[in-house]
Every structure is written in structure tokens, then in C-alpha cells.
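Taking it in order: structure first as C-alpha cells, then the write-up.
Throughout, numbering of the chain's residues begins at 1 and tracks the sequence.
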Amino acid sequence: MKKLLLGTVLAGVVAIGAACSNNSSMQGHDMSNMNMKEENTAQDSSKKLPLATNTEVLSGKEINLTAKEALLQINDKVKLPVYTYNGSVPGAQIRVKQGDNVKIVLKNELPEPTTIHWHGYPVPNSQDGVPGVTMDAIKPGETFTYEFTATVPGTYFYHSHQESAKQVDKGLYGTLIVEPKNEEKVDRDYTLVLDEWMSNPDEGNMDMSGMDHSNMGHGNSSDDKEMDMSSMGHDMSMYDIFTINGKSGSAVEPLKVKKGEKVRLRLVNAGYMPHKLHLHGHEFKIVATDGQPLKDPQPIKDELLNIAPGERYDIEFIANNPGEWLLECHGDMEGTDGMKVKIQYEGQANNTDKENAKENLPVVDMTTYGKYEVGQFTLDQKYDVEYTMDLGTAMGKDGMIFTINGKTYPDTAPINVKTGDLVKVKIVNNSPTDVHPMHLHGHFFQVLSKNGKPVTGSPLIKDSLNVNPGEEYVVAFKADNPGNWMFHCHDLHHASAGMVTEEKYTDYKSDYTPDPNDTTNKGE
């Protein structure tokens, strides 16, 4: 098994842990994971945990991962207890080639059950890692072997799907890179993972330690609803540290380049908030989204790339402007300032750049980006299955809930398909303030229209789609991967509070039958 440190030319992994958004986009979040950081410094810790290590890169015929606890030094002031794969946040980068048979052995050394979900990857349903749907959660001390063929190249990631609102927030994620057979070579290839953290969850006017999304409400009157809605936004502001590769601000390792080099940045949002990133001093092209290539991407300069939870974007630029430049998050949250990384030209000591995180810049519109061509699906063709997904926020009897067609999981109506069906889904966000990044397991879908307007750029193939309040998208896909698959919001707080449905193949019979008496499995 080959091991390389993450800072090499092959891959630099940057984990960004904060949202570049403003406070309005934070409303509706829960604090279901706050108790995970109740020990937020080494001296507070009741047990001696090792310091998190640098992220390594793993390849080979068999890859070994261990889920275990550690202490993550985010900056010179904050050290947090975290969950890791192989002792680092992000966890080990798995790097394989298209066509490889991938075998990953996970050992669970955490104090609670866990799994791995291969986010965005069309694995066989039995390998999807959703407790109670495709497998039982892996109990402490146990191991489980995942196996699949790397059929589709691109940038993906993996994370826990067991109580994921808590475990992913605690750092349990890593990246999966599948190199194409005929890859266009670049000189530098860095991976940047975005995330958000709370430096002091115990501070404030309430006990955060046991809070979760389901018990935040205190009543059902309209006054209570308004109070709870607004308090959600306040609570999300507790995410006061944004990180890149588990580090924040000056602790983020700079990206080294040389003049004339072609540089690829793989941007992965493992957090729960959208982040708007600005690359200073250079034109860049968005060459892929969610691992899927874009047709003839045009150069962009001084525009923001909005990366929602669960999304991945690959961008490339030519290092043709020597100096020191920033890739930084734009916004006005407390943590925004920490989500930036320096791009340093080797042999150049002059600092030629200034921060401008509050500058108002346009956001790239992906529905008009790249060269138009007819994709696999069109708006006016015949579909075997059509489904409307009405996304909403409401107050349930126990507090805030997030609904699909007025229901919460497991009472949401599934998308019933059979193998070979062509499926069209209309996604409408009727939540007043909540952003819903919707993620479909096991499939890619083509985005056909936004707010009634057809996509006029490159065919847009994704597995995660950010839907802002009031927006409507139409997407289509082929039911070509039999199984029972989750379709849920990747603000995992929203998923844990109900915003989940399933795509169910009526002609599929799973080899897995969940034990109705097993309370271990918590797939959201």
C-alpha cells in the first residue's frame, strides 16, 4: 500500500471547516451535534487522546481505514476532540484508477457504531453504507469490508451515515479520487475540503450538550414558531470557525506553485453550509462538478463559486501571475475569515494580495456555464416516473421538522421505479429561509431547468443540488442501479429532522433484512 503525505504534488488536501454564507442561510439548523464537542480543549478532555496527524494518501489493492478518536489542533487557540479515519481530519485520501477493484477494510475503534457511505459514487446498493437500509452499523471493535469497482472517474468523498449529523460534524469524512484512464496531466493537484466547527459550544444562554434538532421547539403557537425559526439562525452562528483541511486561518498550509504550471483544485464541501469561494489574481475554469466533466468551460475571473454541502467542484488555473494570492471565502459570519488559503509562487517572497471577503462579487450561474449541447435527457421527452419533491420547514409536536411533501421520513412517499425507468423529479423549496442541498445516492442526475428556464450551458450532471428558498429545479435520471437509495438534504441536520425519502426499485430484492428489534441502526 502506497502512502504519501497530503502536501505532495500528487495531492494536497485542504479541509475547510466553516460557512462563507451570511446568517440568513443559517436559519433552520439544529445543534444535534453540539454534544460532540463538549470537551473542546485538551485540558478539558476526560481521556488522553492523541493529536490528529496529517492526512495521508492511500492506494493499492486493499486499503485499511480505522475510525478512531483524536484531538484536532484547528488553530493556535482551539483544539477539539474529533472522530477520524486513520487519525486525521480529513481522513485518508483514497486514490485509485478508473477500472480498479476497490477493497476497503474499515475497523471501528470509536465508542459507538459507525459506517462509511461513498458519497456520489454509484456503488452496488449493498455497499452504500446506510444503517437499517443497506447494512447494519459496524459496532465498536468490529470490522467491515467494502468492495466496488471504480467505474466513474472524478472527485468524491466518503463519510459516516450513522447518526451522520453528529459523526460527520465531528470530522468523520475523507476524499475519494478516481483518476481517469486517460487523464489530462496537471502539475499540481490539491484537494480542499470545507467544513465548520464550534470553538465553544458550552458558552451561551442554554445548555447545548444534549440539544438536537428534534427538541428545539417549546410549543406550537405562531409566536413560538417565529421564536424558534429565528433562534435557529442564531444557533448556527455558533459555528464560529471555518477550516480548510481541518485548519483555520494562518494554520492552513499554503499551496505551492511555480510560474507556468497548470494547477487543479478539488473543492469538497463536507460541512452543512454553502461557501462562496473567490480565487484572487487568476482566471480559472470549472472543469467538473460532482466528479462529472463540463463541456468547454470558459475562463472566469473575480466571480464567486458557491459550493453547497455535499457538492464537489474541480477548478483549474494557469499559474501566470507570480506573487502570493488568496483563495478565500466571502461572507460576514464570524468564521468566514478563517476559510482562506494562500497560493504561493516558489521563489517569490512578495505579498501582492489583500483580503476582500466582504466585496460584493457575482456568483457563477452553473445553468449557463460551459457550451450547450443536448444531454441524455430533455424536458419534453417521455418519462416513466414523475415525482414532485416539495421541500418545507414546519413545527412538529416536538419541535422543528423538515418535510418532503408535508411528511417526514420514514413516512415520506418513496420514488418507486423499476430498472430501466426514466425518472423526472421536480424539486421545489418552499422553506421560507432554509437552503436545502439535495443529494441522491447511487445515481447521477441531469439538471434540466431552474425556475422554469432550461439549462443553456453545458449538460449539468450532478448527485448533489443546492436549492435556495423559492427555487424550483427539474432533474432527470435513469434507474440503472437497482436497490433502495436515499434521496435527502445534505444539511444533515435537516435530514435528521425528516427531510429524507427513498428511491425504491420494485424489481429489486435486497439480501439485507434489518432486525426490527435492533436499535443500533440510525441511518440519519
Side-chain angles (χ1 to χ4, degrees), residues 19 21 24-30 32 119-120 164-165 213-214 216-217 225-226 228-230 232-233 236 269 271-274 290 306-311 366-367 385-396 398-416 423-441 443 445-453 455 460 462-477 485-504 523-524:
S21 326
S24 64
S25 69
M26 304 309 160
Q27 294 187 3
H29 286 255
D30 72 271
S32 61
H119 182 105
S164 53
H213 217 101
S214 61
M216 287 201 71
K225 183 183 292 188
E226 286 185 22
D228 284 328
M229 290 270 192
S230 62
M232 292 288 177
M236 281 307 285
N269 190 344
Y272 301 156
M273 304 174 188
D290 292 355
N306 188 44
I307 307 174
E311 285 189 317
M366 294 303 299
T367 66
V385 176
E386 297 191 18
Y387 183 100
T388 296
M389 186 177 283
D390 178 344
L391 309 176
T393 302
M395 290 302 298
D398 296 319
M400 187 74 71
I401 57 172
F402 295 91
T403 62
I404 295 177
N405 299 332
K407 305 282 189 183
T408 56
Y409 187 76
D411 298 325
T412 48
I415 306 172
N416 290 314
V423 185
K424 182 166 77 172
V425 179
K426 180 166 74 173
I427 305 172
V428 185
N429 185 354
N430 287 309
S431 292
T433 59
D434 299 307
V435 179
H436 298 307
M438 300 304 295
H439 170 57
L440 173 61
H441 287 208
H443 302 73
F445 52 76
Q446 182 180 339
V447 182
L448 299 179
S449 68
K450 176 183 179 182
N451 299 334
K453 295 180 180 177
V455 170
L460 193 54
K462 296 181 63 60
D463 56 67
S464 302
L465 179 65
N466 198 46
V467 189
N468 287 307
E471 288 184 339
E472 173 190 299
Y473 285 89
V474 175
V475 306
F477 62 93
W485 302 97
M486 292 284 195
F487 200 157
H488 65 91
C489 183
H490 219 273
D491 176 335
L492 297 174
H493 302 118
H494 296 177
S496 68
M499 192 169 278
V500 180
T501 189
E502 287 184 63
E503 178 202 358
K504 289 189 170 182
E524 278 306 325

Check: Can you name the nearest heavy-atom pair linking Y409 to M486, along with the distance?
Finding: OH-CE, 3.9 Å

Notebook entry, point to check: Considering the options V435, D491, N468, which one meets the side-chain contact (heavy atoms from CB on, under 4.5 Å) requirement together with P274?
Noted result: V435

Notebook entry, point to check: Any side-chain heavy atom of V423 sitting closer than 4.5 Å to one from Y387?
Noted result: no

Note to self: Can you confirm whether L440 sits close enough to D463 that some side-chain heavy atom of one is under 4.5 Å from a side-chain heavy atom of the other?
What the structure shows: no

Notebook entry, point to check: For H441 and H488, what are the C-alpha separation, side-chain angles and deciding distance, and is it a side chain to side chain donor-acceptor pair (under 3.5 Å)?
Noted result: CA-CA 9 Å; H441 287 208; H488 65 91; 3.1 Å; yes

Checklist line | Atom pair OG/CE of S464 and M438 - distance to nearest 0.5 Å | finding: 10.0 Å

Margin query: When you compare the side chain of N451 with that of E471, does any pair of heavy atoms fall below 4.5 Å?
Written below: yes

Item checked: Least distance between heavy atoms, N429 atom then V467 atom -> ND2-O, 2.9 Å

Margin query: With rounding to the nearest 0.5 angstrom, report the CG to OG1 distance, N405 to T501.
Written below: 8.0 Å

Margin query: If you compare all heavy atoms of A497 against all heavy atoms of M400, which two are closest, and at what distance to 0.1 Å?
Written below: CB-O, 4.0 Å

Margin query: Let me confirm one number: the CD-CE distance from E311 to M366, rounded to the nearest 0.5 Å.
Written below: 8.5 Å

Item checked: pair K504-P414: side-chain heavy atoms closer than 4.5 Å -> yes

Next item on the list: Determine whether F445 and V425 make a side-chain contact, defined as any pair of heavy atoms from C-beta on separated by less than 4.5 Å.
Entry: no

Notebook entry, point to check: Can you list the residues that meet the side chain to side chain contact (heavy atoms under 4.5 Å, CB included) rule with V428, with sequence neighbours excluded?
Noted result: K426, N430, E472

Check: Any side-chain heavy atom of L391 sitting closer than 4.5 Å to one from I404?
Finding: yes

Margin query: Within this structure, what is the CE-NE2 distance for the pair M273 and H493, rounded to the nearest 0.5 Å?
Written below: 8.0 Å

Notebook entry, point to check: Should I427 and F487 count as side-chain neighbours, where that means a heavy-atom distance under 4.5 Å?
Noted result: yes

Next item on the list: Name all residues meeting the ring-ring contact (aromatic ring centres under 6.0 Å, His included) criterion together with F477; count only those two or more places apart in sequence or in a different chain, and write none if there are none.
Entry: H443

Next item on the list: Would you please test T367 and K453 for side chain to side chain contact (heavy atoms under 4.5 Å, CB included) and show each step?
Entry: CA-CA 9 Å; T367 66; K453 295 180 180 177; over 6 Å; no

Check: Would you find a donor on one side and an acceptor on the other, under 3.5 Å apart, between the side chain of S431 and the backbone of T393?
Finding: yes

Next item on the list: For H119 and G310, indicate whether the former's side chain and the latter's backbone hold a donor-acceptor pair under 3.5 Å.
Entry: yes

Check: Which distance, rounded to the nearest 0.5 Å, do you find between the OG1 of T408 and the CD1 of I401?
Finding: 5.5 Å

Check: Quick one: CD1 on I415 to CD on E502, what's the gap to the nearest 0.5 Å?
Finding: 10.5 Å

Checklist line | Nearest heavy atoms of P309 and P437, plus distance in Å | finding: O-CB, 3.5 Å

